[in-house]
S.K.: 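Got a structure for you, questions after.
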2 protein chains.
Amino acid sequence: MTTVGKSHSRTAQALREALEDDIATGRYPPGSRLDEVTLANRFAVSRTPIREALIELSMAGLVEIRPHRGTFVRDIGIPRLVEMFQVMAELEAMCVRLACRRMTAEEQHALQEAHAACVSAAETGSPDNYFHANERFHEAIYVGSHNSFLAEQARALQNRLKAYRRLQLRVRNRVRNSLSEHQAIVDAVLAGDAERAENVLRSHILIQGERFNDFVASLGDARKIG
Amino acid sequence: MTTVGKSHSRTAQALREALEDDIATGRYPPGSRLDEVTLANRFAVSRTPIREALIELSMAGLVEIRPHRGTFVRDIGIPRLVEMFQVMAELEAMCVRLACRRMTAEEQHALQEAHAACVSAAETGSPDNYFHANERFHEAIYVGSHNSFLAEQARALQNRLKAYRRLQLRVRNRVRNSLSEHQAIVDAVLAGDAERAENVLRSHILIQGERFNDFVASLGDARKIG
DNA sequence: TCAATCAACTTTGTATACAATCGATAGGCG
DNA sequence: CGCCTATCGATTGTATACAAAGTTGATTGA
């Protein structure tokens, strides 16, 4: 039985985050069924907040609710995953294009800081540390776009792809390559070269969707990580 | 008291659509409060499906749920609206870029058909007819992208902007200009000129967010339409 | 008279009870 | 023996009841 933090004062929201994490870490693999009463027992709450959390997850596209049948973790096929990364790449490209001409000096500094944090996280060798530093790096670009709606969309999609991006980091040399791509992005942004920044960032994202030989290979180990 | 179609077998989903429409048509203006018991009475259901529908709406960004305070129709300010149209423009540009090299002959034909329908709808003079024909035109482009995830995202955002796009059509000469832009898009797609198609479509969307003198002026009449 | 505090009411959040629908299994029919 | 059908069980969907939090108003004190 798991207890859930009440920071939000709404149990459903906390439940959603807990379930998100469980799905991302593979505790509930794609295609598996999320039984309401089982979940209610596990979290020691009634079915009501569980249902509300499941609805939020279905709106986020993480699960599919089939009426009168149950909710299942969506099995995102490889082709669809590629599609999602393509859209993600375009959103991030748009962010950095805007960021190039809109970032304040402080925001540029924050971007450099985030990049530095990525470098040191990579040196520690902990994939999880690098993962979070990487998220902060991209977040800095979202903020720099000065388009809050775009930033929200980018965050939402990044969240949906979280589990798969995490796996990507276990591909050979991925962290090292990711770092050099980040450096190129920072350089282009500081130089105000929107077109170059856009292209580098786009391929920085796309590469995760394209190199699927490595990806699928790493996917076999995915379940054990959780 | 309003009854709600049971086509989905899930009341909550039907309720969501009904509320979406009510928000879009201005029955519930931005900032207004959506009381659960009032809604439950209106639709002759209990609070449970109402709550579930409201959660779906909040996930879609249409309303904001403030814990223990209530749910309010989000007041989308003009600046945020511009941001949303910018993202919409980019999504559609991506769609048409992909569509240029992926559309089948049948899909190209469907696009031309949709454009023709727009022309005849414009001649009838009914703004609503043109609105729907216009939606089908853009839908043809989404489908033509052959990226189903992108298409879903585009549809979702188009839906969120529905109310405002509808108003745009009441701006002077907007329909006429819209038609000629559509023609240019069709020409570029058939010619396989991705870059040109992308640029035309992008500005076709952006113009709705940019010409806000007209837009705000028309906004005054918005509430009376619903 | 104004401000602060407290209490009652209103509304949301959660739990439980009831209804409806789906799936599986067993029995009958071809 | 196989397939179709009906009934039973399990699970979701909805309603209602209860709990907790917030807001509003009045009352009391300065």
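A, B, ... follow the sequence lines: proteins, then strands. Residue 1 opens every chain.
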S.K.: Before accepting this row, confirm whether a basic side-chain N of the pair A/Glu90/B/Arg97 lies closer than 4.0 Å to the acidic partner's carboxylate O.
M.R.: yes

S.K.: Taking side chain to side chain donor-acceptor pair (under 3.5 Å) as the definition, give me every residue that meets it alongside B/Glu64, ordered by chain and number, with sequence neighbours left out.
M.R.: none

S.K.: Applying salt bridge (Lys or Arg N to Asp or Glu O under 4.0 Å), can you list everything that pairs with B/Glu152, at least two apart in sequence or on another chain?
M.R.: A/Arg80

S.K.: Without decimals, in angstroms, what is the distance between A/Leu39 CG and C/dA15 C1'?
M.R.: 17 Å

S.K.: Among residues 46-54 of chain B, which ones have heavy-atom contacts with DNA chain D below 4.0 Å?
M.R.: B/Ser46, B/Arg47, B/Thr48, B/Pro49

S.K.: Please verify the inter-ring angle class for A/His182 with A/Tyr130; under 30° counts as parallel, over 60° as perpendicular, anything in between as tilted.
M.R.: parallel

S.K.: Rounded to the nearest Å, what distance is computed from the CD1 atom of residue B/Ile55 to the P atom of nucleotide D/dT14?
M.R.: 13 Å

S.K.: What's touching nucleotides 20-25 of chain D from the protein side, N or O pairs under 3.5 Å?
M.R.:
from, atom 1, to, atom 2, distance (Å)
D/dT23, OP1, B/Arg69, NE, 3.2

S.K.: Residues two or more places apart in sequence or in another chain: which of them pass salt bridge (Lys or Arg N to Asp or Glu O under 4.0 Å) with A/Asp75?
M.R.: none

S.K.: For A/Arg174, give me all partners under salt bridge (Lys or Arg N to Asp or Glu O under 4.0 Å), at least two apart in sequence or on another chain.
M.R.: A/Glu181

S.K.: Quick one: B/Leu15 CG to D/dG13 C1', roughly how many Å, whole number?
M.R.: 12 Å

S.K.: For B/Thr38, give me all partners under side-chain contact (heavy atoms from CB on, under 4.5 Å), at least two apart in sequence or on another chain.
M.R.: B/Asp35

S.K.: What integer distance in Å separates A/Ile65:CD1 from D/dT14:P?
M.R.: 11 Å

S.K.: Taking salt bridge (Lys or Arg N to Asp or Glu O under 4.0 Å) as the test, write out the residues that go with B/Glu135, two or more places apart.
M.R.: B/Arg165

S.K.: How would you list, by chain and number, every residue that makes a side chain to side chain donor-acceptor pair (under 3.5 Å) with A/Arg33, sequence neighbours excluded?
M.R.: none

S.K.: Tell me the interatomic distance from B/Phe72, atom CZ, to C/dT12, atom C1', rounded to whole angstroms.
M.R.: 11 Å

S.K.: Quick one: side chain to side chain donor-acceptor pair (under 3.5 Å) partners of A/Arg155, sequence neighbours excluded?
M.R.: A/Glu139

S.K.: Please give the angle, rounded to 10 degrees, between the axes at the start and the end of the helix from C/dT1-D/dA30 to C/dG30-D/dC1, where five pairs define each axis.
M.R.: 10°

S.K.: Consider the side chain of B/Val45, meaning its heavy atoms from C-beta on, and name the nucleotide among C/dG13, D/dT12, D/dA15 that approaches it most closely.
M.R.: D/dA15

S.K.: In whole Å, I'd like the distance from the CG atom of B/Asp35 to the P atom of C/dT10.
M.R.: 12 Å

S.K.: Rounded to the Å, how far apart are A/Arg33 CZ and C/dA24 C1'?
M.R.: 13 Å

S.K.: In this structure, how many angstroms lie between the P atom of C/dT12 and the CG atom of B/Leu34, rounded?
M.R.: 10 Å

S.K.: Quick one: list whatever passes side chain to side chain donor-acceptor pair (under 3.5 Å) with B/Glu92, sequence neighbours left out.
M.R.: B/His138, B/Tyr142

